[in-house]
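Residue numbering restarts at 1 for every chain, and letters A, B, ... go by the order of the sequence lines. Model, not experiment: these values are computed from the prediction.
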2 protein chains.
Amino acid sequence: MNSPGSTKERILGAAELLFAQRGFDGASLRQLTAAAGVNLAAVNYHFGSKEKLIEQVFRRRLDALNAQRLAALAKLADDSNRTLEDVLAAYIRPALELSHEGNGALFMRVLARAFAEHDDTLRQFLSENYGHVMRQFTAEFARLLPQLSKEELYWRIDLVTGALTHAMSGFGMIQRKRDVSEETHREQTAQHLIRFAVAGLSHP
Amino acid sequence: MNSPGSTKERILGAAELLFAQRGFDGASLRQLTAAAGVNLAAVNYHFGSKEKLIEQVFRRRLDALNAQRLAALAKLADDSNRTLEDVLAAYIRPALELSHEGNGALFMRVLARAFAEHDDTLRQFLSENYGHVMRQFTAEFARLLPQLSKEELYWRIDLVTGALTHAMSGFGMIQRKRDVSEETHREQTAQHLIRFAVAGLSHP
DNA sequence: GTCTATATAAAGATAGAC
DNA sequence: GTCTATCTTTATATAGAC
């Protein structure tokens with residue numbers, strides 16, 4: 001790992017912010033290095049190219065996020081009474097925690113952009129590196145919803161994924177009311193998302 | 001309106017394709033005019049700027065689409081027994097029809113990009129020109145779901161919107177099976193989306 | 001590891017001939 | 001309304017001094 005204030009880390013932080021705000025094409029290396037307070041040449045020195053930098057922006061967050069999701073799912077494997085709520089919580093809560101720490105909310109916007117981009121290179125990178133996570137959760141959904149055909153299940157998972165991605169990309173703007181604690185607010189959000197996902201997956 | 005093969009119309013068609021594939025920043029005026037088979041200078045002559053061209057790409061589809069949605073909603077106003085399904089169908093079916101005609105599916109991808117962009121200029125343009133549509137539908141949802149608090153309703157509408165936008169942006173890739181007619185396939189898709197939306201909005 | 005300077009390509013936009 | 005030619009800015013990337 002990199003030390004917190006290192007050049008590499010500052011570039012990654014600035015990249016996350018500017019990619020969230022202006023997109024991968026919209027944010028130039030000039031804006032990016034200026035925001036990070038480093039030299040223009042530093043990106044190519046440390047990452048090789050803009051493309052590689054983009055991959056590292058994803059890796060920095062997704063490695064930990066998906067490890068947490070799989071750990072939460074593994075924990076449930078012991079419990080033979082695990083419910084759809086439990087499995088969805090294992091998927092949603094780590095992302096929700098990330099979106100409330102530091103610039104995690106910005107990253108969720110970057111992720112939502114990646115979804116909308118339909119860019120083949122990026123999709124392949126995400127699929128190769130993190131595809132196994134979705135596959136494990138899908139298997140678990142199939143187990144808990146045996147009445148659904150394969151096609152029906154895929155439809156619902158796709159719709160739920162779209163809903164969650166969209167919602168989490170907006171977290172930078174959701175205003176927590178002053179009389180609600182940070183903890184309570186996060187818990188309410190989790191409940192909204194989980195209940196919606198349960199309804200979307202399991203309706204008759 | 002423009003004649004179908006006019007320079008203006010060909011630019012709009014090429015822009016829709018390239019914006020869907022590469023985004024607003026990713027698609028350059030050079031690529032765009034080359035694809036349209038027109039001169040580079042034609043964009044600035046006919047539209048004034050790239051920004052104005054982007055607005056026209058939206059107008060060309062959204063004017064008709066949202067008019068159809070409101071017309072379908074108005075038709076329901078007579079029926080005092082109208083259901084949530086009816087209202088959702090009024091919102092979803094016109095978009096679904098658009099996405100199956102000509103390059104309509106490409107436009108749905110452009111629209112999904114616009115959602116993910118979080119670009120203030122674009123959001124303001126869409127809100128100013130088409131915000132009244134969402135407001136009318138929201139009022140209708142509130143009437144049909146009186147048990148939900150305002151906050152709860154907004155959450156659910158936001159999640160459903162994300163799901164539908166995501167789903168419709170993928171229509172270019174959904175493979176219709178050979179033994180299913182185009183008509184049947186579209187009807188099945190409509191049913192998937194409407195049932196999902198009903199469940200997401202009205203779960204207890 | 002960081003800097004300046006620069007190479008090279010491509011962007012949006014416009015002027016002026018036809 | 002369409003063309004060529006060009007202006008100006010900005011992009012990614014790299015070479016070579018420190």
Chemist: Sequence neighbours excluded, which residues qualify as salt bridge (Lys or Arg N to Asp or Glu O under 4.0 Å) partners of A:Glu117?
Modeler: B:Arg113
Chemist: Determine all donor-acceptor pairs shorter than 3.5 Å in which one atom belongs to a side chain in residues 17-26 of chain A; sequence neighbours excluded.
Modeler:
none

Chemist: Not counting sequence neighbours, which residues clear ring-ring contact (aromatic ring centres under 6.0 Å, His included) with B:Phe125? List them please.
Modeler: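 Result, ring-ring contact (aromatic ring centres under 6.0 Å, His included) vs B:Phe125: none returned.
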Chemist: List the residues meeting ring-ring contact (aromatic ring centres under 6.0 Å, His included) with A:Phe47, not counting sequence neighbours, and say none if there are none.
Modeler: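 Partners of A:Phe47 under the ring-ring contact (aromatic ring centres under 6.0 Å, His included) test: none.
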Chemist: Encode nucleotides 12-18 of chain D as B, S and - characters from 5' to 3', where the letter depends on protein heavy atoms closer than 4.0 Å: B to the base, S only to sugar-phosphate, - to neither.
Modeler: BBB----
Chemist: Can you run down the side chain to side chain donor-acceptor pair (under 3.5 Å) pairs that involve residues 148-163 of chain B, sequence neighbours left out, and say none if there aren't any?
Modeler: A:His166-B:Asp158, A:His192-B:Glu152, A:His192-B:Trp155, B:Glu152-B:Arg156
Chemist: Quick one: ring-ring contact (aromatic ring centres under 6.0 Å, His included) partners of B:Tyr130, sequence neighbours excluded?
Modeler: none
Chemist: Short of 4.0 Å, heavy atom to strand atom, which residues of residues 9-17 of chain B count as contacting DNA chain C?
Modeler: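 Close to the strand, none.
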Chemist: Which residues satisfy the ring-ring contact (aromatic ring centres under 6.0 Å, His included) test with A:His46, sequence neighbours excluded?
Modeler: none
